[in-house]
Amino acid sequence: MSLLKYLVFGAAVAAGVNYATKKREDGRSLIDDLSEKAPEWMDKAKHYTDQLKGQFAQNNPSSPHQSNTVHTDEPPY
């Protein structure tokens, strides 16, 4: 049963690689399209993470080096 599972998995991977690298009429493949658009997607992802960091900084004004405990001159007892 394990051998059959590996054969099916290997065939699926081979079919996926074949589909991704197969050239279309215009001479380009899916891998070519993905590699061309990857820098644009990285820029969008960086912009989105910067936005999230800004929102987190607005919601959490204390810096990571400050403690959130209250200090008083009175002893705890």
Side-chain angles (χ1 to χ4, degrees):
M1 190 65 172
S2 178
L3 180 61
L4 179 63
K5 184 172 38 174
Y6 287 126
L7 285 173
V8 170
F9 182 72
V13 168
V17 168
N18 186 28
Y19 177 76
T21 57
K22 186 176 181 179
K23 300 288 183 182
R24 296 185 301 255
E25 302 90 34
D26 61 353
R28 298 182 52 84
S29 67
L30 181 65
I31 298 295
D32 295 334
D33 293 340
L34 290 176
S35 64
E36 182 180 295
K37 294 181 181 179
E40 177 186 336
W41 292 341
M42 288 297 294
D43 291 338
K44 286 182 181 180
K46 286 179 185 177
H47 176 69
Y48 183 70
T49 54
D50 290 340
Q51 251 184 344
L52 286 177
K53 285 180 184 178
Q55 288 176 355
F56 181 73
Q58 287 177 352
N59 292 338
N60 190 8
S62 64
S63 72
H65 301 294
Q66 295 176 347
S67 64
N68 290 333
T69 58
V70 176
H71 297 285
T72 61
D73 292 335
E74 299 176 12
Y77 47 87

Separation of [Y] [atom2] from [X] [atom1] (nearest 0.5 Å):
| X | Y | atom1 | atom2 | result |
| --- | --- | --- | --- | --- |
| Lys53 | Gln58 | NZ | CD | 15.0 Å |
| Ile31 | Arg28 | CD1 | CZ | 11.5 Å |
| Leu34 | Trp41 | CG | CH2 | 5.0 Å |
| His47 | Lys44 | NE2 | NZ | 10.5 Å |

Subject >> Carboxylate-amine/guanidinium contact Asp33 Arg24, below 4.0 Å >> reply: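 Arg24 and Asp33: salt-bridged.
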
**OP:** Please answer whether the main-chain N or O of Ser29 pairs with a side-chain N or O of Asp32 as donor and acceptor at a distance below 3.5 Å.
**Re:**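 At least one qualifying donor-acceptor pair exists.
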
